[in-house]
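Scroll down for the structure; my scribbles are underneath it.
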Amino acid sequence: MHEPNSVEVHTHLTSDEIQRSLEEDVRKGLLGPVKSLPPTWFYDDEGSRLFEEITELDEYYPTRAERALLKNHAREIAQASQATTLVELGPGSCAKSRILLDAMRHNNALERYIAMDVSEEMIVTSAHELTAEYSGLKVTAVVGDFRRHLQYIPPVDRQLIAFLGGTIGNFTPLQREKFLFDLNCSMDASDYLLIGADLAKDPKLMVSAYDDASGVTARFNKNLLNVLNSRLSADFDPDLFDHVAIWTPRDSRIEMRLRSRVDQSIHFATINLTVAFVAGEELLTEISTKFNPHQLESELRESGFVLDKVFGAYEGEFLLALAHPHC
């Protein structure tokens, strides 16, 4: 039994598993013909702090646009879904979670909040903060990777699963297809999905969001090298890499890269691996797909969802899509 204002913590991702996953990603991503790493590894303490700073930048419109849509439509979303539980994938500091929780409470339906994130410290801290703010709220923190651990989300009735921040754009098309299909399989007929997706727009506006004038995003991108130095005893010198953000129209996405300024070899002592970079060679660190509403609707439909409502599609910056499984 839950006690009022209690926090349950379910851990499905140990520090050893995280370390093995990082080692696997480095071997796979840095030994191929095109060097790349998933954005998962940005988020040590410093990376998380820098990302929060990025979300407050004038150039970084996605967080501002999504927050405005949530404030304008959260009560409609809560009413349409009739959800009693909010499940959030990758909530970070839970700043946007509160907008949905307030709307569900206004709808007299709020009972439980479940959050899944890879950062145990951040998610548990946020969970305890929420129990202090929302009297009687049952909170479950699930330490896991939503790419692999959806099956560990505790089964509940009438849930609204929120996947916000445009994170869906960090997946390739095949990864999105698998993720949405797996998510659909984990849901019941009464459940709803709320996805936040960035929209394609003026390339200059999009690129500036990932290459701000004050250089915060550059520090965030280069901090990945510090993570690798710390976790794998690598010997990267971040000053020997340049931050690059480009728009690739063919794939409708922003790509963040780190470009080597010189010929250099990087040694990873922990895994006894040496990787060579030639001058000008790039390491792909993040993709951020920018959608059009019809594309997202098509991908949801092909993964077994019915689109109920789209918010913000024609304002040109960001959209929220509310959908439910087709049964």
Atom pairs and distances, side-chain donor-acceptor, residues 208-216, under 3.5 Å, sequence neighbours left out:
residue: Ser208; atom: OG; partner: Lys204; partner atom: O; Å: 3.3
residue: Ser208; atom: OG; partner: Leu205; partner atom: O; Å: 2.9
residue: Tyr210; atom: OH; partner: Ser288; partner atom: OG; Å: 2.9
residue: Tyr210; atom: OH; partner: Lys290; partner atom: NZ; Å: 2.7
residue: Asp212; atom: OD1; partner: Val216; partner atom: N; Å: 3.4
residue: Asp212; atom: OD1; partner: Thr217; partner atom: N; Å: 2.8
residue: Asp212; atom: OD1; partner: Thr217; partner atom: OG1; Å: 2.5
residue: Asp212; atom: OD2; partner: Ser214; partner atom: N; Å: 3.3
residue: Asp212; atom: OD2; partner: Ser214; partner atom: OG; Å: 2.8
residue: Asp212; atom: OD2; partner: Gly215; partner atom: N; Å: 2.8
residue: Asp212; atom: OD2; partner: Val216; partner atom: N; Å: 2.9

Inset, instruction - Mind telling me whether His149 and Tyr152 have parallel, tilted or perpendicular rings, with 30° and 60° as the class edges? - result: tilted
Legend entry - Mutual orientation of the aromatic rings belonging to Phe146 and Phe171 [parallel < 30°, tilted 30-60°, perpendicular > 60°]: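 Phe146 and Phe171: perpendicular rings.
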Legend entry - Qualifying residue, where the test is side chain to side chain contact (heavy atoms under 4.5 Å, CB included) with Ile195 and the options are Leu180, Leu89, Leu183, Ile161: Leu180
Legend entry - Val124 and its side chain to side chain contact (heavy atoms under 4.5 Å, CB included) partner, picked from His128, Glu121, Met122: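 Exactly one candidate clears the test, His128.
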Legend entry - Contact summary for Met116 and Ile153, nearest pair of heavy atoms: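 Shortest heavy-atom contact: CE-CG1, 3.9 Å.
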Legend entry - Neighbour count >12 (heavy atoms, 6.0 Å) for atom CD, Gln151: yes
Inset, instruction - Give a yes or no on whether Lys309 atom NZ has more than 12 heavy-atom contacts from other residues, nucleotides or ligands under 6.0 Å away. - result: no
Legend entry - Ionic contact status for Glu24 with Arg20, cut-off 4.0 Å: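 No, no charged N to carboxylate O under 4.0 Å.
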Inset, instruction - Before accepting this row, confirm whether a basic side-chain N of the pair Glu129/Arg98 lies closer than 4.0 Å to the acidic partner's carboxylate O. - result: yes
Inset, instruction - Could you pull out all residues at least two apart from Pro91 that satisfy side chain to side chain contact (heavy atoms under 4.5 Å, CB included)? - result: Glu88, Cys94, Ser97, Tyr113, Ala115, Asp117
Inset, instruction - Using the test side chain to side chain contact (heavy atoms under 4.5 Å, CB included), find all partners of Val118 that sit at least two apart in sequence or belong to another chain. - result: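 Only Leu13, Asp145 meet the side chain to side chain contact (heavy atoms under 4.5 Å, CB included) criterion with Val118.
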Inset, instruction - Would you indicate whether the side-chain heavy atoms of Arg176 and Glu302 approach each other to under 4.5 Å? - result: no
Inset, instruction - Give a yes or no answer on whether the side chain of Thr55 reaches the backbone of Glu52 with a donor-acceptor pair at less than 3.5 Å. - result: yes
Inset, instruction - Verify, without hydrogens or angle tests, whether His267 (side chain) and Leu273 (backbone) share a donor-acceptor contact under 3.5 angstrom. - result: yes
Inset, instruction - State which residues pass ring-ring contact (aromatic ring centres under 6.0 Å, His included) with Phe291; sequence neighbours excluded, sorted by chain then number. - result: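 By the ring-ring contact (aromatic ring centres under 6.0 Å, His included) rule, Phe291 matches no residue at all.
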Legend entry - Residues which pass side chain to side chain donor-acceptor pair (under 3.5 Å) with Asn292, listed by chain and number, not counting sequence neighbours: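 With neighbours one apart ignored, the set is empty.
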Distance-only criterion, 3.5 Å: show the donor-acceptor pairs between side-chain atoms of residues 68-76 and protein atoms not counting sequence neighbours.
residue: Asn72; atom: ND2; partner: Ala68; partner atom: O; Å: 3.2
residue: Arg75; atom: NH1; partner: His106; partner atom: NE2; Å: 3.2

